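Numbered from 1 within each chain, the chains take letters A, B, ... in sequence-line order. What you see is a predicted model, and the numbers here were worked out from it, not measured in a lab.
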Amino acid sequence: MPELPEVETIKNELAPSVVGHSLTGVAIFDEKLVAVGSLEEVHRELIGRKIESLKRRGKYLIFELSSGRSLIMHLRMTGSLLLNPREVDRYARAVFDISGEHRVVFSDRRRLGRIWLVNDADTTVGKLGPEPFDEGYSAEILGQSLSRHRIPVKSVLLDQHIVAGIGNMYADEALFAAGIHPSRRAHSLSRKEVRTLHNCIRAVLEAAINCKGASVDTYVRPEGELGTAHCDFKVAHRRGQPCPACGATIQWIKIQNRGSCFCPKCQSLSSRHTAKGSQRASHSLHNVT
DNA sequence: CTTGGGACCTGGCTGC
DNA sequence: TGCAGCCAGGTCCCAA
């Protein structure tokens, strides 16, 4: 699934072939792909426009156009952007031809991805929380966000309004690295745990970017290569396998309808900290200011 | 305001 | 072998 490291990789690897080039052809095969704007409008507005820049915000890709408008893409679960593929396969939902003999194919097995044509990209991505690598995203900010919620800490990490770009697998990895059980009530984390988690979020995402993302499902890089971040996963997608740190069997539970993998030994949980736990959990609230 | 649950989607897997 | 039913999860929407 494309999360921040995957979308960052796609952006980095696509940019040299598209930025500064013009759209010469647009074919959209699936009208559900277009979330805002009609097929005709998208077609009319894109043809002949130059792509001035390609940016990432959270899990969104933003193509800034010479018209001043932006084409925003979200790949959701199974979307990929393929650069000059040998063939346009059955999962292709749109094809963008670009000057300089380049072609970008939006391929999406489960058809959950969306594109938006907007005047101002901020109307779509402005609601997102801070980028994990922004200077403004400090341990203090994370601590304040966590202290406002009684839901499991993992659910807070997945909330894109609180911090942008973390998805299910990197939430599992960051919590393992920090030694924090995913079911811990968000507000129950100590100041020290918040600092550790903050460091681990950045470390896990940075390592994954360096590996060009994780090819656990349908994710491939624009030119078809796989990412290798999943080779270093300690718990994510490793249900039933031994923990690389202690050898305990990695457990799988559902947290707010999300499958969650964790090590029961490295990420221990005392009952007073669970989302279902006792009232005493409120006494462990720590304000990080 | 926060929280929880369902809808959207379809390929792949499980079990009968 | 065939097929029904479930599962994966990012985001939006609605109800409590």
Applying side chain to side chain donor-acceptor pair (under 3.5 Å), name anything that partners A:Asn199, two or more places apart in sequence or on another chain.
none
Note: chain A reaches DNA chain C at heavy-atom distances under 4.0 Å over the stretch, first to last nt, 5' to 3', of C:dA8 to C:dC12
Earlier contact from the 5' end, DNA chain B, for A:Arg76 and A:Ser155:
A:Ser155
Pairs touching residues 159-173 of chain A that satisfy salt bridge (charged side-chain N to carboxylate O under 4.0 Å, His left out), sequence neighbours left out:
A:Lys154-A:Asp172
Could you state the atom-to-atom distance from CG of A:Asp217 to C1' of B:dC13 in whole Å?
13 Å
Round to the nearest Å and state the distance from A:Arg258 atom CZ to B:dT3 atom P.
16 Å
A:Lys254 NZ to B:dG6 P: how many Å, rounded?
10 Å
Comparing A:Asn257 and A:Lys127 on DNA chain C - which has the more 5′ nearest nucleotide
A:Asn257
Could you tell me how far apart A:Met77 (CE) and B:dG12 (P) are, to the nearest whole angstrom?
14 Å
Under 3.5 Å, which donor-acceptor pairs do the side chains of residues 44-51 of chain A form with other protein atoms, sequence neighbours left out?
| unit_1 | atom_1 | unit_2 | atom_2 | d |
| --- | --- | --- | --- | --- |
| A:Glu45 | OE1 | A:Arg69 | NH1 | 3.2 |
| A:Glu45 | OE2 | A:Arg69 | NH1 | 3.4 |
| A:Arg49 | NE | A:Glu45 | O | 3.1 |

Could you tell me how far apart A:Arg93 (CZ) and B:dC8 (P) are, to the nearest whole angstrom?
15 Å
Going by salt bridge (charged side-chain N to carboxylate O under 4.0 Å, His left out), name the pairs with one or both residues in residues 87-97 of chain A, residues two or more places apart or in two chains.
A:Asp30-A:Arg93, A:Arg93-A:Asp108, A:Asp97-A:Arg103
Separation of A:Met1 atom CE from B:dT10 atom P, in whole Å?
17 Å
Do any pairs count as a ring pair (Phe, Tyr, Trp, His ring centres under 6.0 Å) and have a residue in residues 151-180 of chain A, sequence neighbours left out, and if so which ones?
A:Tyr170-A:Phe233
Holding to side chain to side chain donor-acceptor pair (under 3.5 Å), I want the full list of residues that pass it with A:Arg258, two or more places apart in sequence or in another chain.
none
Describe the nucleic acid contact of A:Arg90 in one word from base, sugar-phosphate, nothing, applying a heavy-atom distance below 4.0 Å.
sugar-phosphate
Got a sec? Which of residues 110-124 of chain A come in under 4.0 Å of DNA chain C, heavy atoms?
A:Arg110, A:Leu112
Applying side-chain contact (heavy atoms from CB on, under 4.5 Å), name anything that partners A:Gln251, two or more places apart in sequence or on another chain.
A:Thr249, A:Phe262, A:Pro264
Nearest whole angstrom, please: distance from the P of B:dT3 to the CG of A:Asp159.
10 Å
For the side chain of A:His102 and the backbone of A:Leu83, is there at least one donor-acceptor N/O pair under 3.5 Å apart?
no
Whether the side chain of A:Glu31 engages the backbone of A:Phe29 through a donor-acceptor N/O pair (distance < 3.5 Å, no angle test) should be reported.
no
In whole angstroms, the gap separating C1' of B:dC1 from CZ of A:Arg148 amounts to 11 Å
